[in-house]
Amino acid sequence: MTHIDLSQLSLLKAINKKLVSGYHISEQDRELWQQLDQQIEQYAALFAALGYELVQDARGFVYLYADDATPSMGKTSRSFALTIYILIEHFANQGNDPINALFDQDIDLSLMQSLVQHNKHLFDQLEIFSGSDLRKDVFMRMVRLGVAKATEQGFLLQAPAYRYIDALLEINDFQEMTAEEPA
């Protein structure tokens with residue numbers, strides 16, 4: 001068992017507040033990220049003792065694992081995943097490398113409006129009816145959870161968006177696997 005020296009966890013209060021709210025701490029959160037990175041074993045042991053699983057993703061972010069059991073979090077995760085899926089399709093259809101474009105291109109209100117218009121049947125299920133709704137209900141929430149950051153032009157996805165890309169890939173792999181099974 002890892003010895004926890006609370007005197008070395010000088011940013012515990014700030015880190016705890018962010019993580020328990022669902023926020024993903026990443027390299028953009030320099031001070032918090034550095035402390036977590038340097039003391040990850042102690043933080044993981046402390047959160048485990050409190051009943052949480054602290055996950056450090058090699059792509060540069062840390063979060064508390066939750067099984068999305070709450071209805072609001074499930075809706076939030078679904079809206080993030082759907083938006084990222086639609087963005088991947090959009091960038092691929094434009095001839096861009098979709099993963100690079102996700103992290104390199106600003107997502108502005110004009111693009112959001114276009115995404116909602118072209119995928120109305122999907123966004124209607126999440127009660128997102130305009131680019132403004134997408135901005136307010138998805139991208140602002142992404143910012144609050146560390147999945148995106150606001151820019152002058154709109155929003156830019158951050159490394160924690162990989163959680164949703166991974167989930168989409170798992171669904172795709174599962175669908176391919178079950179499609180290959182004989183009936």
Side-chain angles (χ1 to χ4, degrees), residues 14-37 39-41 43-48 50-92 96-107 111-112 115 119 122-123 125-126 128 133-151 154-177:
I15 288 170
N16 180 64
K17 183 177 180 181
K18 289 271 192 189
L19 291 174
V20 298
S21 73
Y23 189 84
H24 297 71
I25 295 175
S26 63
E27 294 172 348
Q28 73 183 20
D29 306 297
R30 284 188 179 87
E31 190 177 21
L32 300 178
W33 171 256
Q34 287 174 346
Q35 169 128 148
L36 271 169
D37 195 46
Q39 304 292 337
I40 192 67
E41 288 179 13
Y43 276 104
L46 179 61
F47 281 107
L50 297 171
Y52 296 104
E53 180 184 350
L54 183 67
V55 178
Q56 182 179 33
D57 191 289
R59 293 168 288 194
F61 59 97
V62 176
Y63 62 96
L64 291 179
Y65 175 77
D67 64 5
D68 289 347
T70 65
S72 64
M73 194 57 187
K75 182 178 179 184
T76 299
S77 290
R78 285 192 308 275
S79 67
F80 287 10
L82 175 65
T83 302
I84 290 170
Y85 173 78
I86 288 171
L87 281 166
I88 289 170
E89 274 196 337
H90 168 78
F91 291 133
N96 296 318
D97 176 312
I99 302 301
N100 286 338
L102 271 179
F103 296 101
D104 294 340
Q105 293 191 20
D106 279 296
I107 302 158
L111 175 55
M112 289 179 219
L115 294 174
N119 299 281
L122 296 172
F123 281 115
Q125 296 173 38
L126 295 171
I128 295 171
D133 287 346
L134 186 59
R135 179 186 185 284
K136 178 179 57 108
D137 295 340
V138 176
F139 283 97
M140 293 303 291
R141 203 169 265 147
M142 283 182 174
V143 169
R144 283 193 301 274
L145 296 178
V147 178
K149 72 176 182 178
T151 65
F155 299 91
L156 199 57
L157 292 181
Q158 299 296 295
Y162 277 112
R163 283 190 68 194
Y164 300 94
I165 296 168
D166 292 347
L168 292 168
L169 291 172
E170 284 178 24
I171 291 168
N172 186 53
D173 290 347
F174 176 76
Q175 288 176 335
E176 287 176 1
M177 183 180 70

Can you see which heavy atom on [X] is nearest to which on [Y], and at what distance?
X      : Y      : result
Leu145 : Ser21  : CD2-O, 3.6 Å
Leu156 : Asp106 : CD1-N, 4.0 Å
Phe80  : Arg141 : CZ-C, 3.8 Å
Pro160 : Gly146 : CG-O, 3.3 Å
Tyr23  : Arg144 : CD1-O, 3.1 Å

For atom [atom1] of [X], is the number of surrounding heavy atoms from other residues, nucleotides or ligands below 6.0 Å larger than 12?
X     : atom1 : value
Glu89 : CD    : yes
Glu27 : CD    : yes
Phe91 : CZ    : yes

Quick check for you: to the nearest 0.5 Å, what is the distance between [X] atom [atom1] and [Y] atom [atom2]?
X      : Y      : atom1 : atom2 : answer
Asn16  : Leu32  : CG    : CG    : 11.5 Å
Asp133 : Met112 : CG    : CE    : 11.5 Å
Gln56  : Leu36  : CD    : CG    : 8.0 Å
Thr83  : Met142 : OG1   : CE    : 5.0 Å
Leu19  : Leu64  : CG    : CG    : 4.5 Å
Asn96  : Asp104 : CG    : CG    : 10.0 Å

- Where does the angle between the aromatic ring planes of Phe103 and Tyr162 fall among parallel (under 30°), tilted (30 to 60°) and perpendicular (over 60°)? parallel
Under 3.5 Å, side chain of [X] to main-chain N/O of [Y], donor-acceptor pair present?
X     : Y      : answer
Ser79 : Thr76  : yes
Asp97 : Asn100 : yes
Asp37 : Trp33  : no
Asp29 : Ser26  : yes

- Query: When you look at Phe61 and Gln158, which way does the side chain to side chain contact (heavy atoms under 4.5 Å, CB included) test go after all the steps?
  - Reply: CA-CA 9 Å; Phe61 59 97; Gln158 299 296 295; over 6 Å; no
- Item | Near-ring test Tyr65/Phe47, centroid separation under 6.0 angstrom | no
Can you confirm whether [X] sits close enough to [Y] that some side-chain heavy atom of one is under 4.5 Å from a side-chain heavy atom of the other?
X      : Y      : result
Arg78  : Gln125 : no
Leu111 : Gln105 : no
Gln39  : Leu46  : no

- Message: For a side chain to side chain contact (heavy atoms under 4.5 Å, CB included) check, start with the C-alpha distance between Val138 and Leu126, then their side-chain angles and the critical distance, and finish with the verdict.
- Response: CA-CA 10 Å; Val138 176; Leu126 295 171; over 6 Å; no
- Step by step, work out the side chain to side chain contact (heavy atoms under 4.5 Å, CB included) result for Leu157 and Ile107. CA-CA 8 Å; Leu157 292 181; Ile107 302 158; 4.2 Å; yes
